[in-house]
Amino acid sequence: MAQKTLQDLFDNFLNKQSIFINKEALQAAYTPETVPHRENEIKQLASILVTVLRGEKPSNVFIYGKTGTGKTLVCKYVAQELEARAQRDNKHLKTFYLNCKMEKVNTSYRLFAHFLNELGEEIPATGLPTDQVYKTFLNTVDSKKSIYLLILDEIDSITDTNILYDLTRINTQLKNSRISIIGISNNLSFTDDLDPRVKSSLSEEELVFAPYNAVQLQDILTQRAAVALVPGALSSGTIEKCAALAAQEHGDARRALDLLRVACEIAEREGQEKVTLDYVDKAQKKLDVDRIVEVVKTQPRQSQVVLYSIIYLKELNKQDIATGDVYEVYKNICRQLNLTPLTQRRVSDLVSELDMLGLINATVISKGRYGRTRKIKLEISPTAFEKSKEVLKRELL
DNA sequence: CTTCCACAGGAAGGTCTGGCGG
DNA sequence: CCGCCAGACCTTCCTGTGGAAG
């Protein structure tokens, strides 16, 4: 019986026309044919980099802008076009893209090893002395006259400033080739605490990407939806709503795309052929819950116990949860789990961290004679609450 | 106005891990 | 391979403090 229904489910799924034609187009990483509302930025970047076509090294560029403002997209687009043109004109140009955060470039070893691997050199992930890797890198790069564009995305996640320093001076070590760096950061104050020499060298040219407004987001979504979805799959206003919601959150195009994609996914799963406005709301809730659950999951153990203590107190319908209350519960749970409890001082810091993560809201209040403490409130929706509880139970027991 | 609670949160130092240069 | 150092993570000890109660 159960198997029969499962077969029905499969049949249903296969017979039903999908909403999606090409779901990838709603992914932020997808590179569309054109990049709407970034014409100026593209032109600016291209005019800085165009010197490569004459075989001259372009200035280093530093690009700022919040998440989802098209920085990565514009860079990749311009790089792609330049490479195509260079190839046509028989110029030597090679561009590399590296997301420093994803690849965890905290050492220069990893950085150079990554580029060497892209150049087709086999470099073990660890083992060789750094200067040897560095020399190999120089030799490989210098072996034939060429210009290299290094696009370093999320460059602010490189904590070791020596890496940046080395990079900015690398051209002095090269005879034939030249290397230009395009740094991308969403942290506007990143260069403030850099060595002034590194700073001026990295940002010979600067570009700032402003957030998209709601109308521009609509255009982006419309463009992507045309590729991704069956015509007529969206009921009117869906795109407008996604755009408006994302515009509220500092004009993040990634967010807008996520909203639309998840809305479509939920609608499809529920067997709908039309994506209505309700699904956008559902998508927003889902994205929210997923985000929270993800944060909860990736917390270190002790932090999870503290959070669980707060959840426990919340379930007792206790209002005005104070640090002391949390600490008592926390110690009990630690005993049950056979964990050695941390000091109250440390737990106090963990509470602050949970506050910064937006999972709880902790404000310092004074109860006069009865002391000064933090008033702790959980800051998450009921759905997220239940899911987090489940996750914590599973992780902790 | 003073007292005094129940912590906040700064400072300094300890321990451990993991990567780096030699 | 080894000693060294940086950074994450904690502890210990500490001073500071808003405001109800007296």
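Throughout, protein chains are lettered first and strands after them, A, B, ... in sequence-line order, and every chain is numbered starting at 1. Computed over heavy atoms, backbone and side chain alike; hydrogens, waters and symmetry mates excluded.
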Short N-O contact, A:Lys241 and A:Asp281, less than 4.0 angstrom: yes
Which residue lies more 5' along DNA chain B, comparing A:Asp349 with A:Tyr370 via nearest heavy atoms: A:Tyr370
Distance below 4.0 Å between A:Arg372 side-chain N/O and C:dG16 OP1 or OP2: no
Protein-nucleotide distance (A:Ile365, atom CD1; C:dA20, atom P), rounded to Å: 11 Å
A:Lys282 with A:Glu270: basic N within carboxylate O range, under 4.0 Å: yes
Nucleotide nearest A:Val364 (side chain, heavy atoms from C-beta), chosen from B:dA8, C:dT12, B:dC7: B:dA8
N/O donor-acceptor pair, side chain A:Arg369 with base C:dG22, under 3.5 angstrom: no
Between C:dC10 (P) and A:Arg301 (CZ): distance, integer Å: 13 Å
Nucleotide C:dC10, atom P - distance to CG of A:Leu350 in whole Å: 7 Å
Cationic N near anionic O, under 4.0 Å, A:Glu294 to A:Arg291: no
Atom-pair distance (CG on A:Asp355; C1' on B:dA8), nearest Å: 13 Å
Side chain of A:Thr373 (C-beta onward), nearest among C:dA21, B:dC7, B:dG9: B:dC7
Nucleotide B:dA8, atom P - distance to CE of A:Met356 in whole Å: 15 Å
Nearest-angstrom distance from the residue atom CG of A:Leu342 to P of C:dC10: 5 Å
Candidates C:dA20, B:dA11, C:dC9 - which lies nearest the side chain of A:Arg346: C:dC9
Note: A:Arg261-A:Asp258 ion pair, threshold 4.0 Å (strictly below): yes
Lys/Arg N to Asp/Glu carboxylate O, A:Glu315 vs A:Lys389, below 4.0 Å: yes
Nearest-Å distance for atom pair NZ/C1', residues A:Lys367 and B:dA6: 8 Å
Nucleotide nearest A:Arg374 (side chain, heavy atoms from C-beta), chosen from C:dG18, B:dA8, C:dA20: B:dA8
Distance below 4.0 Å between A:Thr323 side-chain N/O and B:dC7 OP1 or OP2: no
Closest to the A:Ser348 side chain, choosing from B:dA8, B:dT3, C:dC13: B:dA8
Interatomic distance where NZ belongs to A:Lys375 and P belongs to B:dA6 [whole Å]: 18 Å
